[in-house]
Structures are given as C-alpha cells and as structure tokens.
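Below is one structure, written out as structure tokens, with a few remarks after it.
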Protein chains: 2
Amino acid sequence: MTEQEIKFKEKIKAIQDTMYVIGGKWKIVIILSIYNGNKRFNDIVASIPKITNRVLSKELKHLEENLLISRKVIDEYPVRIEYTLTEYCLSIDELAGPMEKWGKNHMKKISGK
Amino acid sequence: MTEQEIKFKEKIKAIQDTMYVIGGKWKIVIILSIYNGNKRFNDIVASIPKITNRVLSKELKHLEENLLISRKVIDEYPVRIEYTLTEYCLSIDELAGPMEKWGKNHMKKISGK
DNA sequence: CGGTATCCTTGACGATACTG
DNA sequence: CAGTATCGTCAAGGATACCG
C-alpha cells in the first residue's frame, strides 16, 4: 500500500466517523436548537418541525454519549430536565457553518439546472 | 414566527440539503477516490474497501445528478468510461477538510473517555 | 413533563449472479 | 469493462399510545 493510499484510508475513516456522530437527519439540527436557547425536552420537540419525541429521545442519548450535550436533572417539583451544549460541542460550528453555506449555494445551483 | 425562528428553519433546511447530497456512507469517499486519480469504474471500486459495484453505481448517478462529477464515454474499443470531478465539486473541500479534522480529533476524545 | 413501549415503514446498503 | 437485476438484510426513522 502506498503512502497515498494509507492517507486516503485514514481520511475515509475520519470522515465516516464524523458522519456517524453528527450525520443523519437530526443531529446538527438538535444541536442548533439547543444552541438557540431551547433547553427542555418539549421545547426542543416544539422547535423542530416534524421530529417525534421517540426520535429526539434517541438522538439526545447519542449526542450525550458523544459528549456533545449534557443532561442535567434539576431537583424541583416537578423535576425539570435541562439539556445544554458542552464546551466541546461548540467545535461543531466548524462543520455547521460550512454545511449551511454549501447547502444554500447548492440548492440555488441545482434549481437552475 | 420570530426572525430568529425563520433563520433557524433556513439553517435546518440548508444543512439537511447538504446531508442529502454528500451525506451517507460513501459519497465523500467516492469523491476523494476520484480526486485521488481514479477515473474508471473498476478502479474506483478497487480503491474503496468494501464498496460493492451496485452501491457505487447508484452513488455515481446521485453525484452526477448533483453536478459533482461528470461521466464521459470515450469511444475506443472497448468503450471506456471516465469519471471526473466537476470544477464545482472542488467546493466540497470546504466540507471534507473540516470533517476529517473534526473526526480525527473526536475519536481521540472519545477513546479517552 | 419527559420520556418509553410497541409496532410499522422505508430506504440504505449488501451479496451474488448475470449482461451488452 | 461497466455496469444492471434480483433478492435480501438491517437500521433509521415514524405513528401512536401509554407511563412514572
């Protein structure tokens, strides 16, 4: 295997890892919602068109396992749950920004096909 | 709907569009393979571990429809097909670079959990 | 309020064989 | 050589109801 091939496989792996963590239909969207100030489960559901609570629940767990959000139980009555972005999570801004920009431009391009 | 909410929904849409075009397991990987000099179907298959020809075939069509690659029929005997990246496709470097970087760092972070 | 449980649909992806 | 056809699997995601 050449040097170039090794580098290529490393690239592949890194990109596929990224896709696993923040890919899929909802993950970045959820992060943006929390970033926008939604902290509670039902607020997040309400802020995202068409997401269901089952899906949100799973995605939140996935994000928590990947250290992107944290879940805090606030001991009131009734108990309140708050989701917040971790410091680390802010680094996905490096991805969300370019993705947003690229997507907007692309749709313009395709629609004029 | 507030100004902020409108912007949020635009962001969501743009990001989901991007995910649709270059998301999934293979798309960026295929682009990188062509970028690396593989032009012909079987070369691309061989360069990407575990991809099947059926999947590659579909993905190539998807990429062509989105103007990211072009397919040229070269009239020799036997006929030769060459896939090349479009000029436009080079813009996904804005995404692949950050994704690679982020993925590498993330795996380091998670493994040390 | 913040979820789970159950059941279901869809589409992505895969294995293998075959073809113009 | 560059695919297509056929069939199959599996996981993501969705609808709806219910629960502590």
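The figures here come from the full heavy-atom set of this structure, side chains too, leaving out hydrogens, waters and symmetry mates. All chains are named by letter (A, B, ...) in the order of the sequence lines, taking the proteins before the strands, and each is independently numbered beginning at 1.
In this structure, NZ in A/K11 is found 5.5 Å from CG in B/L32, a value given to the nearest 0.5 Å. In this structure, CD in A/Q16 is found 5.5 Å from CH2 in B/W26, a value given to the nearest 0.5 Å.
Rounded to whole Å, atom P of C/dG3 lies 10 Å from atom CZ of A/R40. B/N38 has its CG atom 14 Å from the P atom of D/dC1, to the nearest Å. To the nearest angstrom, C1' of C/dT4 lies 10 Å from CZ of A/F41. The interatomic distance linking B/E82 (CD) with D/dC1 (P) rounds to 14 Å, in whole Å. Across the protein-nucleic acid pair, A/K61 atom NZ and C/dA5 atom C1' stand 12 Å apart, rounded to whole Å. B/R80 has its CZ atom 17 Å from the C1' atom of D/dG3, to the nearest Å. Straight-line distance from the CG atom of B/L60 to the C1' atom of D/dA2: 10 Å, rounded to whole Å. Distance, B/K72 NZ to D/dA2 P: 15 Å, rounded to whole Å.
Closest contact between the side chain of B/S57 and the listed nucleotides C/dG2, C/dG3, D/dG3 involves D/dG3. Among C/dT4, D/dC1, D/dG3, the nucleotide with an atom closest to any side-chain atom of B/N42 is D/dC1. Closest to the B/I81 side chain, of the nucleotides C/dG2, D/dA17, D/dG3, is D/dG3.
A salt bridge does not link A/E82 to A/R40: none of the charged nitrogens lies less than 4.0 Å from a carboxylate oxygen. In summary, A/K9 and A/E5 do not engage in a salt bridge, as defined by a charged side-chain N under 4.0 Å from a carboxylate O. The pair A/K61-A/E65 does not count as a salt bridge, with every side-chain nitrogen at least 4.0 angstrom from each carboxylate oxygen. Taking a cutoff of 4.0 Å between a charged side-chain nitrogen and a carboxylate oxygen, B/D17 and B/K13 qualify as a salt bridge.
Using a 4.0 Å heavy-atom cutoff across all strands shown, B/Y77 reaches no nucleic acid atom at all.
Taking the ring centre of B/Y88 as origin, the terminal cationic atom of A/K109 falls inside the region bounded by 6.0 Å and 45° from the ring axis.
When only modelled atom types and interatomic distance are considered, A/S70 and A/T86 share no side-chain donor-acceptor pair under 3.5 Å.
Comparing the helix axis at one end of the helix from C/dC1-D/dG20 to C/dG20-D/dC1 with that at the other, each defined from 5 consecutive pairs, gives an inter-axis angle of 50° (nearest 10°).
Between the side chain of A/H62 and the main chain of A/V21, a donor-acceptor pair closer than 3.5 Å is present.
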Taking N or O atoms only and anything under 3.5 Å, show me the protein contacts with nucleotides 9-14 of chain C, one pair per line.
residue: C/dC13; atom: OP1; partner: B/K25; partner atom: N; Å: 3.0
residue: C/dC13; atom: N4; partner: B/R54; partner atom: NH2; Å: 3.2
residue: C/dG14; atom: OP1; partner: B/K25; partner atom: NZ; Å: 3.2
residue: C/dG14; atom: OP2; partner: B/W26; partner atom: NE1; Å: 3.2
residue: C/dG14; atom: N7; partner: B/R54; partner atom: NH1; Å: 3.1
residue: C/dG14; atom: O6; partner: B/R54; partner atom: NE; Å: 3.1
residue: C/dG14; atom: O6; partner: B/R54; partner atom: NH1; Å: 3.4
residue: C/dG14; atom: O6; partner: B/R54; partner atom: NH2; Å: 3.3

